[in-house]
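So the structure is just underneath, and the comments pick up after that.
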Amino acid sequence: MSTKARILEVAAALVAESPDGDVSTRAVCEAAGVGAPALYRHFGDKEGLLSAVVDHGWDRYLATKRDRAPGTDPVQDLRDGWDTHVEFALHNPNLYRLMNSPAMRKPPAAALESHRILTADLQRAAEQGKLRLAPELAAQIIMSANVGVALMLVSRPATFTDVSVSRRVRDSVHTMVFTPDVMTAPAASRDPSTPEAETSGTVETDESRLPATAARLNALLRQAPAPVLSPAEDALLTEWLNRLSNAPRS
């Protein structure tokens, strides 16, 4: 194992074991059996070291997602993705807090990759007519809620003691972004403790079908093998379709 890899592995282990998730460069150097110049040569400073630990954590988190073959049902993939996200946070609380710390001024490349994977799953849902919003907006809503729930569970375990909280929030958020028929269909992974009123959505009407139709058309146009519109026309149509799919609804 290289010196850099040993320092990184030791730092990640100390972060996991620390009561508050913080580590000192001196402790890392002592545990790794290296001098401070070696740490600074490879990582620059403490912030650089912690950024590398964060990158390492994101790579661990994404390992299973990168290898996962898309299922036939993107909605189920998204349910499973939410659950595995929370499970990772619960098994790695200090690392997860660090991964989402405001102190990390530049988002790691792996964090952006995670968002792209989520958006791609939502794109597949839109192509099947199951999405009420544009995939990009739906991804922002889901990621915000997923990270928020996970952070509360790992940061305030004495307050957030109900294990069903995560799935209740997941089902409520999914009711907002998926079409009503998706949320009323039987789902093995839906939390049985979630009241039906929270997941059943509303009766599908012409008004509720319009955003889903716009989102689906937008998604299908992106899959066209050859452009049928000029760049200006494509940009204008995309703007119109995004307005229709993302418009606030009463």
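The first residue of the sequence shown is numbered 1, and numbering continues consecutively from there. None of these values were measured; they are calculated from a predicted model.
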Under a 4.5 Å cut-off applied to non-hydrogen side-chain atoms, are Phe160 and Val149 in contact? no
CG-CD distance between Asn218 and Glu127, expressed to the nearest 0.5 angstrom: 10.5 Å
Could you check whether any side-chain heavy atom of Gln123 comes within less than 4.5 Å of a side-chain heavy atom of Thr119, counting everything from C-beta outward? no
So does Ser18 get a backbone contact from the side chain of Asn94, meaning a donor-acceptor N/O pair under 3.5 Å? yes
One pair to check against ring pair (Phe, Tyr, Trp, His ring centres under 6.0 Å): Tyr96 and His85. What are the steps and the verdict? CA-CA 10 Å; Tyr96 188 80; His85 184 120; 5.5 Å; yes
Is there a path of hydrophobic side-chain contacts, each under 4.5 Å between heavy atoms of I/L/V/M/F/W/Y residues, joining Leu112 to Met143? no
Is there a path from Leu229 to Leu217 through hydrophobic residues (I, L, V, M, F, W, Y) whose side chains come within less than 4.5 Å of each other? yes
Using side-chain heavy atoms (C-beta onward) and a distance below 4.5 Å, is Arg124 in contact with Asp121? yes
Nearest 0.5 Å please: distance from the OG atom of Ser166 over to the CG atom of Asn146. 6.5 Å
Could you please spell out the steps behind the side-chain contact (heavy atoms from CB on, under 4.5 Å) verdict for His56 and Glu9? CA-CA 9 Å; His56 181 62; Glu9 191 169 284; over 6 Å; no
Just checking, any donor-acceptor pair under 3.5 angstrom between side chains of Thr84 and Glu87? no
Provide the closest heavy-atom pair for Leu95 versus Gly57 in the form atom of the first, atom of the second, distance. CD2-CA, 3.7 Å
Donor-acceptor under 3.5 Å (Ser101 side chain, Arg97 main chain): no
Rounded to the nearest 0.5 Å, the CG atom of Leu118 sits from the CZ atom of Arg116 at a distance of 12.0 Å
Do the side chains of Asp83 and Phe88 get nearer than 4.5 Å, heavy atoms only? no
Rounded to the nearest 0.5 Å, the NZ atom of Lys4 sits from the CG atom of Leu39 at a distance of 11.0 Å
Please determine whether side-chain contact (heavy atoms from CB on, under 4.5 Å) holds for the pair Met99 and Val54, giving the CA-CA distance in whole Å, both sets of side-chain angles, and the decisive distance to 0.1 Å. CA-CA 5 Å; Met99 287 164 61; Val54 166; 4.2 Å; yes
Any donor-acceptor N/O pair, Gln128 side chain to Ala125 backbone, under 3.5 Å: no
Nearest 0.5 Å, what's the CD1-CZ distance between Ile7 and Arg41? 8.0 Å
Are any of the side-chain heavy atoms of Val23 and Glu17 separated by less than 4.5 Å? no
Inspect the contact between Asp181 and Lys130 and indicate whether a charged nitrogen and a carboxylate oxygen are less than 4.0 angstrom apart. no
Quick one: CD on Gln140 to CG on Leu122, what's the gap to the nearest 0.5 Å? 11.0 Å
Step by step, work out the side-chain contact (heavy atoms from CB on, under 4.5 Å) result for Met176 and Arg132. CA-CA 8 Å; Met176 181 192 306; Arg132 304 173 68 176; over 6 Å; no
For Ser114 and Trp58, which I'm curious about, is there any donor-acceptor pair between the side chains at under 3.5 Å? no
Using side-chain hydrogen bond (donor to acceptor under 3.5 Å, both in side chains) as the criterion, list what pairs up with Glu113, not counting sequence neighbours. Arg66
Shortest non-hydrogen separation from Ser155 to Pro157 and the atoms involved: C-CD, 3.3 Å
Can you find a heavy atom in the side chain of Leu8 that is under 4.5 Å from one in the side chain of Phe43? yes
Between Asp22 and Lys46, does any NZ, NE, NH1 or NH2 come within less than 4.0 Å of an OD or OE carboxylate oxygen? yes
Within the 3.5 Å criterion, strictly below it, is a donor on Asn92 or Arg60 matched to an acceptor on the partner's side chain? yes
Less than 4.5 Å apart, side chain to side chain, heavy atoms only: is that true for Leu131 and Thr179? no
Donor-acceptor pair, Arg6 side chain versus Ala32 backbone, under 3.5 Å? yes
Could you walk me through whether Val34 and Thr3 pass the side-chain contact (heavy atoms from CB on, under 4.5 Å) test, one step at a time? CA-CA 8 Å; Val34 300; Thr3 300; 3.9 Å; yes
Should Asp73 and Asp77 count as side-chain neighbours, where that means a heavy-atom distance under 4.5 Å? no
